[in-house]
Amino acid sequence: MMQFEHRTRSPEFWLILCTICLLSVFYYGIRAAAVLGLAAVTAVLTDFFCLFLQKKAYHTVDLCNAASAVVMALLFPATIPYSIVILSTVFLVAIGIHAFGSRGSYLFPPAAVGYLFALICWKQEVLLFPQAGQRLALFGNQVQRTASLSQDIFAQGALRLDMLDFFMGAFPSPMGAGCILLLLVGLFILLLRRKLSYWAFFGFVLSISLFSLIGHFPAVLLFSGNMLLFALVFLMGDMAEQLKNSYFLLLAGAITGLVTWFLLEYARLEYGVVIAMLLTSPLWHLLAAAEKALLQRKEQRKAALAETEEQA
């Protein structure tokens with residue numbers, strides 16, 4: 001089975017990630033910085049310990065693993081307990097990276113693995129959010145937490161929010177998934193710089209848009225929340241980077257979009273896109289293997305043709 005390989009992260013990825021982190025700190029204060037920093041440090045330490053148990057040398061800090069931990073933390077509310085951050089990050093690195101792959105080669109998107117673990121174990125802590133703009137202290141925050149904007153959309157079937165607040169993310173949401181404007185800019189940069197496949201993006205968006213015509217919620221409402229833009233910026237690239245064939249990318253993106261739409265439309269899961277990317281990861285692996293086999297056959301035919309021409 002093919003695995004997703006991550007040797008380096010692009011400068012565009014780091015730029016967008018750092019900008020999202022800074023915005024989270026701006027909205028929630030030092031608490032957000034502590035959550036994100038704790039996730040990154042825990043990822044590095046867990047990586048070191050796992051390599052030690054495997055009797056492998058630890059030559060350099062793997063910032064890709066730390067980045068995956070930060071991406072996972074950005075899906076949490078700023079009020080998430082530190083213990084959950086630590087345990088989820090340990091699970092992300094130990095299981096999502098070392099057990100289901102290896103350092104630099106992942107079977108599943110690690111951030112999605114860690115988030116799912118936290119969701120299963122501490123659902124209420126993960127899915128209740130403070131109002132954006134509350135300056136939280138490092139400890140002892142007793143603030144009101146509510147369901148996210150996504151749940152309001154599911155309940156009301158409409159977006160009842162000032163447009164400026166909506167685009168700037170001034171509403172209860174995961175730390176990194178709220179600022180729609182910034183995520184749209186990041187998505188545009190990744191597409192423009194070809195760090196995210198046009199075909200995978202088009203297949204995902206087209207699938208949700210078409211199926212939303214027979215559902216209860218228009219596509220624009222589904223993309224207004226539900227972590228969809230965040231997943232396109234930070235998770236879809238991991239899924240698509242092993243594929244080159246445009247038809248395979250379009251197909252995989254469309255099926256991932258279909259599964260996402262189903263989970264949003266019928267299960268009302270605001271985190272449905274994260275689950276969808278975990279469920280469809282075998283499909284991406286299968287298509288990557290098929291693409292590799294097709295390329296090998298093509299090379300073999302070229303070699304056979306060249307040999308025939310030489311003999312003639």
Answer with yes or no whether the hydrophobic clustering places Y198 together with L196; edges join I, L, V, M, F, W, Y residues whose side-chain heavy atoms lie under 4.5 Å apart. yes
Does the pair L264 and F217 meet the rule for a side chain to side chain contact (heavy atoms under 4.5 Å, CB included), with working shown? CA-CA 9 Å; L264 295 177; F217 306 103; over 6 Å; no
Does the gap between the ring centers of F211 and F262 come in under 6.0 Å? no
Is the gap between the ring centers of F139 and Y82 under 6.0 Å? yes
Give a yes or no answer on whether the side chain of S173 reaches the backbone of G169 with a donor-acceptor pair at less than 3.5 Å. no
Are the charged groups of R145 and E125 less than 4.0 angstrom apart, N to O? yes
On a heavy-atom basis, which atom in A39 and which in A69 lie closest, and how many Å separate them? O-CB, 3.4 Å
Taking C-beta and beyond as the side chain, do R31 and L138 meet within less than 4.5 Å on heavy atoms? no
Give, for atom CD of E270 and atom CG of L228, the distance between the pair rounded to the nearest 0.5 Å. 11.0 Å
Flag yes if more than 12 heavy atoms outside R193 fall under 6.0 Å of its CZ atom; otherwise flag no. no
Looking only at side-chain N and O atoms, does T280 offer a donor or acceptor that is under 3.5 Å from a partner on T256? yes
How far does CZ of F108 sit from CG of L235, to the nearest 0.5 angstrom? 14.0 Å
Work out which heavy atom in L149 is nearest to a heavy atom in S224; give both atom names and the distance. CD2-O, 4.1 Å
L36 with F26, same ILVMFWY side-chain cluster at under 4.5 Å: yes
Backbone N/O of E265 and side chain of H216: donor-acceptor pair under 3.5 Å: no
Would you say V85 and T42 make side-chain contact, with heavy atoms under 4.5 Å? no
Should L191 and F201 be marked as a side chain to side chain contact (heavy atoms under 4.5 Å, CB included) after you check the CA-CA gap, both sets of side-chain angles, and the distance that decides it? CA-CA 9 Å; L191 290 171; F201 168 79; 3.9 Å; yes
Interatomic distance, CG@L287 vs CG@N245, rounded to 0.5 Å, equals 9.0 Å
Here the gap from S88 atom OG to I86 atom CD1, rounded to the nearest 0.5 Å, amounts to 10.0 Å
Check F117, Y115, F91 against W122 for a ring-ring contact (aromatic ring centres under 6.0 Å, His included) and give me the one that passes. F117
V274 and L116: side chain to side chain contact (heavy atoms under 4.5 Å, CB included), yes or no, with the steps? CA-CA 8 Å; V274 180; L116 180 62; 5.6 Å; no
Nearest heavy-atom approach of L283 to A252 is CD2-CA, 4.2 Å
Between F48 and F52, what is the ring plane arrangement, given parallel below 30°, perpendicular above 60°, and tilted in between? parallel
Is a side-chain donor or acceptor of D47 paired with a backbone partner of A43 at a separation under 3.5 angstrom? no
Kindly say whether V273 contributes a backbone atom to a donor-acceptor pair with the side chain of T260 at under 3.5 angstrom? no
Decide whether L249 and L295 are clustered together by the hydrophobic rule: side chain heavy atoms of Ile, Leu, Val, Met, Phe, Trp, Tyr closer than 4.5 Å, transitively. no
Do the side chains of L74 and P174 get nearer than 4.5 Å, heavy atoms only? no
Same cluster or not: L181 versus L17, using hydrophobic residues (I, L, V, M, F, W, Y) connected whenever any side-chain heavy atoms lie under 4.5 Å apart? yes
Classify the ring geometry between F204 and F223 as parallel (under 30°), tilted (30 to 60°) or perpendicular (over 60°). perpendicular
Is it the case that more than 12 heavy atoms not belonging to Q296 sit under 6.0 Å from its CD atom? yes
Quick one, M72 with T89, criterion side chain to side chain contact (heavy atoms under 4.5 Å, CB included). Give me CA distance, side-chain angles, the key distance, then yes/no. CA-CA 8 Å; M72 176 197 69; T89 304; 3.4 Å; yes
Could you tell me whether the side chains of Q131 and Q144 share a donor-acceptor contact shorter than 3.5 Å? no
E12 side chain to K195 main-chain N or O, any donor-acceptor pair under 3.5 Å? no
For a quick test of reading the model, state the closest non-hydrogen atom pair linking P130 to Y28 and the distance between them. CG-CE2, 3.9 Å
Answer yes or no: is there a donor N or O on one side and an acceptor on the other, between the side chain of S10 and the main chain of F13, under 3.5 Å? yes
Might you confirm whether atom CD1 of I30 has over 12 heavy atoms from other residues, nucleotides or ligands at distances under 6.0 Å? no
Looking at every non-hydrogen atom in both residues, tell me the closest pair between A66 and V44 and how far apart they are. CB-CG2, 4.3 Å
Indicate yes or no for a side-chain donor-acceptor contact from S150 to the backbone of G225 under 3.5 Å, with no hydrogens or angles considered. no
Could you state whether L164 and L229 fall into the same hydrophobic cluster, counting links through intermediate Ile, Leu, Val, Met, Phe, Trp or Tyr residues with side-chain heavy atoms under 4.5 angstrom apart? yes
Heavy-atom pair of closest approach, residues F129 and S148: CE1-CB, 3.5 Å
Donor-acceptor pair, distance only, cut-off 3.5 Å: does the side chain of S212 make one with the backbone of G215? no
Per side chain to side chain contact (heavy atoms under 4.5 Å, CB included), Y271 is matched among V126, L263, L127 by L127
To the nearest 0.5 Å, how far apart are CG in L128 and CD1 in I80? 10.0 Å
What distance do I97 atom CD1 and S68 atom OG have between them, rounded to the nearest 0.5 Å? 5.5 Å
